[in-house]
2 protein chains.
Amino acid sequence: MKEDVRVYKTKKNIADAFIHLLGEKDFICITVKEICAFSLTSKSTFYSHYIDKYDLLEKLVRQHADSFKTGAMMRFQSIKQGNVNGVFEKILDQITEDKAVISALLDVHISSADFQVELESILYQTCLSFLEKESASQETSLDYLARMYAANSMVMIRWTLKNGKDKQAVNLVHQIQEFIFQDLLMIKS
Amino acid sequence: MKEDVRVYKTKKNIADAFIHLLGEKDFICITVKEICAFSLTSKSTFYSHYIDKYDLLEKLVRQHADSFKTGAMMRFQSIKQGNVNGVFEKILDQITEDKAVISALLDVHISSADFQVELESILYQTCLSFLEKESASQETSLDYLARMYAANSMVMIRWTLKNGKDKQAVNLVHQIQEFIFQDLLMIKS
DNA sequence: TTCAAAACGTTGCTTTTCGAACGTATTGCA
DNA sequence: TGCAATACGTTCGAAAAGCAACGTTTTGAA
């Protein structure tokens, strides 16, 4: 059963309004009334889709976290011949497509829906399982390497969202990634 | 009786889709089906608001021509002490606000709805009635001056829509306008 | 020129949205 | 602290949008 077009449009309007308001004020200060007014939807319609503004936030975070996870896993799986460079660059591209939403969500920190935490966790997980599967040597803790990868990626993501894609910055990340994946690279080459 | 929000949103979606499609292909080649598909509205809804795509075009032209006319008349009426400069600049600003729509409509030439013709006629009319009311001397044909004003304004409008507001170009228009309004300016100063 | 595919435009029925009204809960200010 | 204004969240009838099916017209390619 597919979603009714009207429902799709309504949800999009609400999400867009919400993201816009997040750019103006803190999540806590945003009211449902404002979201309805800005998105031109009635209160009754809002409440027929969401329990409250927290529910809206959680659903948005879930949606984009899932999409990010799918993308990240896909990229890691498609790595051939130890070609790890380029994976992160594609992740950056993906994130840039939804720049407005991602940027807004990254700055909201509600325990039930913390996008920043989710993203970093996804990066850590995907990187770790990749290392465990592909790396022969275990001299350095894979867990440590994966955490380092995730942390560095997050910095780079935030920076790119703010300043746009920059070749020098991307190169720097590549160097760090090469260090993290050096075991793997040595074996494969 | 105010317009239902749902109607407003539907019409906006349709208009936005239409303008977007006009940027891609000729008016003649655009189908109602495409407009509906892109705007995510159903055929039945489209036909409950418009007779056909020509009706849609005519209504858009009418709406923006009226808005332009109101703006132009307001600006001309607010001229004090022969300060004619600045009137056109504000008209330019107004047009720039709806850049996408205006640009698209200016390139469609359907006899029942020719935006280019309407704009030029409005500029001519408002300028002429201003000259007739304010100008004492009638050495030069006011009709000729008004037509010149309209023609020059149209060139400037098109140019600005394409290249953005440019100080030098604006200054040039000011010089031409000063020539057109010189009778008036001499009397008032 | 013929004919099939696509676009047109209409209709009846279903689902969604709106808006106003309501009582409740929060907020912010005197 | 007390109280008025504002936001919350729900309900229900009315209006609008969607959808599928239909016959008609236009289009474009054999």
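So you know, we letter chains A, B, ... as the sequences are listed, proteins then strands, and number each from 1.
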> Quick check on DNA chain D: between A/Glu34 and B/Thr10, whose nearest nucleotide comes earlier from the 5' end?
A/Glu34

> Quickly work out the B/Glu3 CD to C/dT17 P distance and round it to whole Å.
19 Å

> Atom CZ of B/Arg6 to atom C1' of D/dA15: distance rounded to whole Å?
5 Å

> Just the rounded figure in Å: distance from P of D/dC8 to CG of A/Leu56.
13 Å

> Are the side chain of B/His20 and the backbone N or O of B/Asp16 linked by a donor-acceptor pair below 3.5 Å?
no

> Would you indicate which nucleotide in C/dA7, D/dC8, C/dT16 comes nearest to any side-chain atom of A/Val7?
C/dT16

> Can you tell which of D/dC8, C/dC8, C/dT17 lies closest to the side chain of A/Lys33?
D/dC8

> Is B/Glu118 salt-bridged to B/Arg62, cutoff N-O under 4.0 Å?
yes

> Atom CD1 of B/Ile30 and atom C1' of C/dA7: how far apart are they, to the nearest Å?
15 Å

> Under 4.0 Å from OP1 or OP2 of C/dC18: is there any side-chain N or O of A/Ser42 that close?
yes

> Heavy atoms under 4.0 Å, any strand shown: does B/Lys2 hit a base, just sugar-phosphate, or nothing?
nothing

> Tell me the interatomic distance from A/Ile28, atom CD1, to D/dA7, atom P, rounded to whole angstroms.
16 Å

> Could you check B/Val5 against A/Asp4 and say which one's nearest nucleotide on DNA chain C is further toward the 5' end?
A/Asp4

> Can you see if the side chain of B/Lys43 gets near the phosphate of C/dG9 - specifically, an N or O under 4.0 Å from OP1 or OP2?
no

> Check this one for me: any side-chain N or O of B/His49 less than 4.0 Å away from OP1 or OP2 of D/dA16?
no

> Would you mind telling me which residue lines up with the more 5' stretch of DNA chain C, A/Phe46 or B/Tyr47, judged by nearest nucleotide?
B/Tyr47

> Check for me whether the distance between the ring centres of A/Phe130 and A/Phe181 falls short of 6.0 Å.
yes

> Which nucleotide in the set D/dG18, D/dA15, D/dA7 lies at the smallest distance from any side-chain heavy atom of B/Ser44?
D/dG18

> Are A/Met73 and A/Ile122 connected, step by step, through hydrophobic side chains (Ile, Leu, Val, Met, Phe, Trp, Tyr) whose heavy atoms are closer than 4.5 Å?
no

> Would you kindly give the NZ-to-C1' distance between A/Lys12 and C/dT17, to the nearest whole Å?
19 Å

> Salt bridge between B/Arg147 and B/Glu120, side-chain N to carboxylate O under 4.0 Å?
no

> Using a 4.0 Å heavy-atom cut-off, does B/Leu40 contact any base of the nucleic acid, only the sugar-phosphate backbone, or nothing at all?
sugar-phosphate

> Without decimals, in angstroms, what is the distance between A/Asp55 CG and D/dG9 C1'?
14 Å

> Round to a whole Å and report the spacing from NZ of A/Lys9 to C1' of C/dC18.
15 Å

> Look at all strands and tell whether A/Lys53 reaches a base, only sugar-phosphate, or nothing, counting heavy atoms closer than 4.0 Å.
nothing

